[in-house]
Structures are given as C-alpha cells and as structure tokens.
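Worth saying up front: this structure is predicted, and the values here are computed from it rather than measured. Note that these values count all heavy atoms, side chains included, but never hydrogens, waters or copies made by symmetry.
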Amino acid sequence: MSTARPFDLQRDFEQPRRSVALGREAMAATSHPDATRVALDVLARGGNAMDAAIAACAVQGVVEPGSTGIGGDCFALIAPRGSDAVTGFNGSGRTPAAIDAAAVARAHGRALPRTSPHTVTVPGAVDAWSQLLAAHGTWSLAQALAPAIAFARDGYAVTPRVAADWRRDRDLLRADEAAARHLLVDGEAPRAGAVHRQPALADTLERIARDGRDGFYTGPTARDLVSRLRALGGAHTEADFAEARGETVQPICADYRGWRVHECPPNGQGLAALLMLRLLEGFAPGDAPTHVDRLHVELECARLAYGVRDVFVADPAHVGVPVAHLLSDAFVTDLRARVRLDRAMGAVGSFAGPAHRDTVYLCVVDRDRNAVSLINSIFSPYGSGIVGPASGVLLHNRGQSFALDPAHPNALAPRKRPMHTIIPGMVTRDGRAVMPFGVMGGHYQAMGQAVFLGRVLDHGCNPQHAMDLPRAFVRPGTCTVEAEATWPAATLDTLRARGFEVVAPPWAIGGAQAIWIDADAGTLIGGSDPRKDGCALGR
C-alpha cells in the first residue's frame, strides 16, 4: 500500500476559504493563534512535539478559558518518530471516594445539573501534562508553563470567537462570586479586542511550575478547590486530589479502506468513531462529500454507533467493555443491515445526557516526526461555572455524562471515571504515522471524526477543505439533525422527506485540527477549523 496523500492542495481562489498550511521541519495546529505561535516558538527553541503541545494547551487554558484549562481533563495519542507504534494517555478524573450515588440520584432524578459539585470529578489535566512531559518531552513542566503564566499575568487580547462564547455564558459566571470576580469585568464578558488578565490563575500556574503536579493536587490549590466544592455539597477531599493519577493506555484501532485509525480506549467514545467508520466502509462513498445520499448514510451510521456507545461505553476499571466484539465483522454487518437508503430508521436507543459541547484539540509534529494528538476539556463552555476563590481555577462538569441509573454501566459511583466525549485521533499506514487529527464539539466528536476522515480519504478533500465544508449532527437517540446554514436547502428538504427532523444548531458545530505527514515530499500539511479563531502554521 502507498502512504501517498489522497488529495490535492489546490483550491478555488474565488471562494472564501483558507489554503492549507505547509511546512518542512515542524508544524502546529490549534484553535487559538496565540497557542499556535507558542507551539512554534517551543519547536524553534529546540523543544519537541510534546513540549510544544503542552505549552500550547496551557496557553489555551488562559486565552480560551471557556473551552479548557487546568480544571479539566486531558487525553493524548503519541506516535514516536513518525512510527505506527502509537501509545495513548488517559488523563480523565475520578469521582470522590465518598460520593453517595443513591443520594445524588434521589436529589436529581435522571441527570445531574451542570452547576452541581457532583459533576466535578478530580481534574486530570495537570497530572497528564506532568506524566506526558516526563515520558515523551524534553522540557520541564516549569518551562512548558512559562508562556501561559505570562499571558495570565500580563494579559492577552480576547479573540472574536472567544468573546462570543464568553458573552453567551456571562450569566453562568455571574452566578458564582469567584467566577464573576476572576472571569468577568464589572459583571460583563470582555469584548473582542479587549485585554484580559487572570492574576490568581497566574499565581496557581507559578505554584505548579515550582512544585510540579503537587502544586495542584496538594497544598493551597487543592485546599481551595476542595473547600469550595464541599461548601456546595460535594464529597471531595484533599485525599481524592492527592491520589489522582492518569495512565498510559493501549489505543484501540480499526482499518478504514486500508488506513488504520487509532483512538483512546474506553472510557472515551473513540469506540463510537471506529464503529461508525466500520459501518461506513460497507457503503459506496458516493459522488461528493456533501451529497444528500452520503449525508443520509453518515447520519444513520452515527445513530447506530452512538446507540452502541450509550449502552456499553464506561470506565473499564468498573465494568467490562467488549471492544473486540463491537468492532467485529459479524456485529458490524448485522448493525449495518439496519440502514435504509431511502428513509430514516426507527428508534435506535435513547440518550439522557447533556447536549454536545465544546473543548480544545491540538496537534503538533516536530523535526523528528514525533506526532502528538492532544485534547483538553472542561466539557461545557465554562464548565460547571464553579471557580476556586483563591486559585482562579475554573472547574469542569464532566460528571454530567454519568447515568444516575445504578444498573447502567456508566452509572455514577465512587472513584469512577465517566464516559468521555473527548477523543484525539491518529491515522497510520505501512508502519508510518500519517495524520494526527481531532474534532471538537463534545458528543459530535465521534461523528465529526468519521465524517472528516471520509472527506479526506474517500473524496480527496485536503484537511483544510474537509473542515470548511458544512456540518450536521444527529442528536443521539433521535431523528433530529442539527444542520449548519451552509447546507443547500434542497439537501435539507430531502432529509425531511426521508423522515429526519432538521433544525438549526445553537452554534457552529465543533471545530477541528489536523496535520498530514507527507513522507514522500518531506512536507507537513495542516488545517485548522474556520469555526474557531486558530490556525495551523509550519516552519
């Protein structure tokens, strides 16, 4: 098999689209220009891909505070020196040891509210960064955090998408005194072009830089966060924070038309992305990536994959997840047979979780072709809305993904990780890493990854073009399709005639980054989603 790229780099220059980014030595792609610039600076100063990825991610936790931060979780895939020996890291946090799941269910019914302290599992990001740098980096945590500290201390210019997200969640932040004090200015969200500072967060990052992971999981920062959560009714203890550890994991894989796709294993939803690709492989690609028949098949395969996800994906430390069976030929063939090409299927399962959300994904490739695919999240925009009064740390609300039915594999329980939506991806072929990639957007990510790969591998779209095209997302457990306004009206009318309900999404759907490693040409080809403020840049 050839690892030659299946797409062209030319585009219609009369269309308002971006060209791909190109580089020879190294490349970074993030959803914020400051983060991309910092990653390239790290690479220019001799750091490797992991050093650059952690530095960029830490910066995004400051300059894109509604999407990520040290109060969230982190997953990564790493391809060392461009090989296909991909390894993964699960940096998702666990519930407190003393949480009373039955009492929580009695108080809240079927689902946790976003601002409940019970949605806050112990954040895993700082531990993940520390372990990833130790295993795969060359810089210290202090070196990697220095740019983020400078942005938090000295200020940064608020970009347009960040400002828009901030404005949408102003009232959430107003409801928490510490959130309002640290993240609002006179009770208002900063406007695009304004300079914003987070001095308390700068102090916390400096403590982590000085003391390592213990600067977050023990001492003043941990005490500040535990005190705030317990005041709100949480069961968290300082011991829960001190004991927090992520782990190296073996990726799960599936082939798609000769390309191998790697994902982190459960508790992440990468299984759903692989299952959707396996389902799609049984259908002809069609004439165009946005043809209504192709969209129809993508929506139906997504409904099936998410139905499986919502039954099986959970913390494997607590329940068995039959990954091999769910990706087997027999299971996939049986599932695929349910898809009709002329009409939407009936019900395929129900989903009681929160609506799909946002996060940050980034990828970096260095001069030695080390490839890093990394994702860091606080789940909902501005997470739980709970901020540590002294530390300035905004806490995630990932625990909303738990089921409150005790019989469900993903049921809330002590020391348990929830089903996670954030999933970094990696494509390999013939012993080589070909493309670190990822799609943001909470629950959309699994469908988004499969659609993105289909556009690149089946239809010859370069990574940037594949991101520029219209997106749609079928809400899990329903026939309701959120479709961006850039879809042709005739396409959406056809979907309605086939039994789908089509609605406008509340916001542009997701985001994406990718870097194609063209080993034959000796170049790197990057894309960054126009739905965000960021960019891909090479050197």
For W507 and D165: C-alpha separation, side-chain torsions, deciding distance, then whether side chain to side chain contact (heavy atoms under 4.5 Å, CB included) applies. CA-CA 10 Å; W507 205 238; D165 290 341; 3.2 Å; yes

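- Proximity of H262 to S373: side-chain heavy atoms (C-beta onward) are nowhere separated by under 4.5 Å.
- Interatomic distance, CG of L201 versus NE2 of H182, reported as 9.0 Å (0.5 Å rounding).
- The shortest distance between side-chain heavy atoms of I70 and P123 does not fall below 4.5 Å.
- Residues R18 and R11 form no side-chain contact, since every pair of their non-hydrogen atoms from C-beta on lies 4.5 Å or further apart.
- Listed by first and then second residue, the ring-ring contact (aromatic ring centres under 6.0 Å, His included) pairs that reach into residues 483-503 are H296-F500, sequence neighbours excluded.
- Contacts of H420 classified as ring-ring contact (aromatic ring centres under 6.0 Å, His included), with partners at least two apart in sequence or in another chain: F75.
- Under a 3.5 Å cut-off, the side chain of N397 and the backbone N or O of Q400 do not form any donor-acceptor pair.
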If you apply the rule salt bridge (Lys or Arg N to Asp or Glu O under 4.0 Å), what do you find for D73 with R398, and how did you get there? CA-CA 9 Å; D73 287 343; R398 183 59 61 177; 5.1 Å; no

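- Between atom CD of residue E25 and atom CZ of residue R369 there is a gap of 8.5 Å, rounded to the nearest 0.5 Å.
- There is a side-chain donor-acceptor pair under 3.5 Å between N267 and N90.
- Judged by distance alone, the side chains of T119 and H396 never bring a donor and an acceptor atom under 3.5 Å apart.
- The side-chain heavy atoms of V308 and L275, taken from C-beta on, include a pair separated by under 4.5 Å.
- Every residue two or more places apart in sequence or in another chain that forms a salt bridge (Lys or Arg N to Asp or Glu O under 4.0 Å) with R37 is listed here: D34.
- Within the 4.5 Å cutoff, side-chain heavy atoms of L469 are placed close to those of P289.
- For the 3.5 Å distance criterion, the side chains of E64 and S31 qualify, holding a donor opposite an acceptor.
- Between F7 and W516, the distance from one ring center to the other falls under 6.0 angstrom.
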R5 vs D520, salt bridge (Lys or Arg N to Asp or Glu O under 4.0 Å): CA-CA, chis, key distance, verdict: CA-CA 9 Å; R5 55 180 167 86; D520 294 337; over 6 Å; no

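- A heavy-atom distance below 4.5 Å is not found between the side chains of M50 and N370.
- R114 places no side-chain N or O within 3.5 Å of a backbone atom of S380 that could act as its donor or acceptor partner.
- No donor-acceptor pair closer than 3.5 Å links the side chain of D518 to the backbone N or O of G522.
- Residues passing the ring-ring contact (aromatic ring centres under 6.0 Å, His included) test with F283: none are found, sequence neighbours excluded.
- Taking a cutoff of 4.0 Å between a charged side-chain nitrogen and a carboxylate oxygen, R496 and E501 do not qualify as a salt bridge.
- Between I423 and I375, the shortest heavy-atom contact is N-CD1, 3.9 Å.
- When every heavy atom of F437 is checked against every heavy atom of A514, the shortest pair comes out as CB-CB, 3.8 Å.
- Using a distance-only test at 3.5 Å, with no hydrogens or angles considered, no donor-acceptor pair links the side chain of D255 to the main chain of G258.
- Side-chain contact of T30 with T36: a donor-acceptor pair under 3.5 Å is present, judged by distance alone.
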Carefully, step by step, assess T290 and R455 under the rule side chain to side chain contact (heavy atoms under 4.5 Å, CB included). CA-CA 9 Å; T290 56; R455 289 173 174 180; 4.1 Å; yes

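- Atom CZ of R539 is surrounded by more than 12 heavy atoms from other residues, nucleotides or ligands within 6.0 Å.
- Judged by distance alone, with hydrogens and angles left aside, the side-chain atoms of Q464 form no donor-acceptor pair with the main-chain N or O of A536 at under 3.5 Å.
- A donor-acceptor contact shorter than 3.5 Å is absent between the side chain of Y361 and the backbone of I422.
- Within a 6.0 Å radius of CG in D171, more than 12 heavy atoms belonging to other residues, nucleotides or ligands are found.
- Judged purely by atom type and a 3.5 angstrom limit, H459 has no side-chain atom pairing as donor or acceptor with the backbone of C461.
- Considering every non-hydrogen atom in both L183 and P65, the closest pair reads CD2-CB, 4.3 Å.
- Atom CZ of R498 is separated from atom CG of L299 by 10.5 Å, given to the nearest 0.5 angstrom.
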Check against salt bridge (Lys or Arg N to Asp or Glu O under 4.0 Å), R475 and E482: CA-CA 7 Å; R475 295 174 183 167; E482 296 180 359; 2.8 Å; yes

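- Contact record, A125 with G69: CB-O, 4.0 Å, taken as the closest heavy-atom pair.
- Sorted by first and then second residue, the salt bridge (charged side-chain N to carboxylate O under 4.0 Å, His left out) pairs involving residues 376-385 (not counting sequence neighbours) form an empty list.
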Apply salt bridge (Lys or Arg N to Asp or Glu O under 4.0 Å) to the pair R260 and D430, showing each step before the final yes or no. CA-CA 9 Å; R260 173 144 286 205; D430 289 349; over 6 Å; no

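- The two atoms that bring A29 and G527 nearest to each other are CB-O, 3.8 Å, heavy atoms only.
- Using a cut-off of 4.0 Å between Lys/Arg side-chain N and Asp/Glu carboxylate O, D533 and R161 are scored as not salt-bridged.
- Here the side chains of L77 and T87 are not in contact, with every heavy-atom distance at 4.5 Å or above.
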Test log, rule side chain to side chain contact (heavy atoms under 4.5 Å, CB included), inputs I515 and I525: CA-CA 5 Å; I515 299 172; I525 302 163; over 6 Å; no

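- The backbone N or O of C535 sits less than 3.5 Å from a side-chain atom of S528, completing a donor-acceptor pair.
- The main-chain N or O of A273 is never found under 3.5 Å from a side-chain atom of Q445 such that the two would form a donor-acceptor pair.
- Electrostatic pairing of R471 and E484 does not count as a salt bridge here, judged by no charged N lying under 4.0 Å from a carboxylate O.
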Worked check of side chain to side chain contact (heavy atoms under 4.5 Å, CB included) between L132 and L374: CA-CA 11 Å; L132 287 168; L374 185 143; 4.2 Å; yes

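- In this structure, L304 and E300 have side chains that are not in contact, with every pair of non-hydrogen atoms separated by 4.5 Å or more.
- To the nearest 0.5 angstrom, Y256 atom OH is 12.0 Å from R278 atom CZ.
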Under 3.5 Å, which donor-acceptor pairs link side chains of residues 184-196 to any protein atom two or more places apart or in another chain?
unit_1: E188; atom_1: OE1; unit_2: R170; atom_2: NH1; d: 3.2
unit_1: E188; atom_1: OE2; unit_2: R174; atom_2: NH2; d: 2.7
unit_1: H196; atom_1: ND1; unit_2: Y156; atom_2: OH; d: 2.8

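- Going from atom CD1 of I378 over to atom OG1 of T359 covers 8.0 Å, rounded to the nearest 0.5 Å.
- I386 contributes atom CD1, which lies 7.0 Å from atom CG of D176 (distance to the nearest 0.5 angstrom).
- Judged purely by atom type and a 3.5 angstrom limit, D366 has no side-chain atom pairing as donor or acceptor with the backbone of N48.
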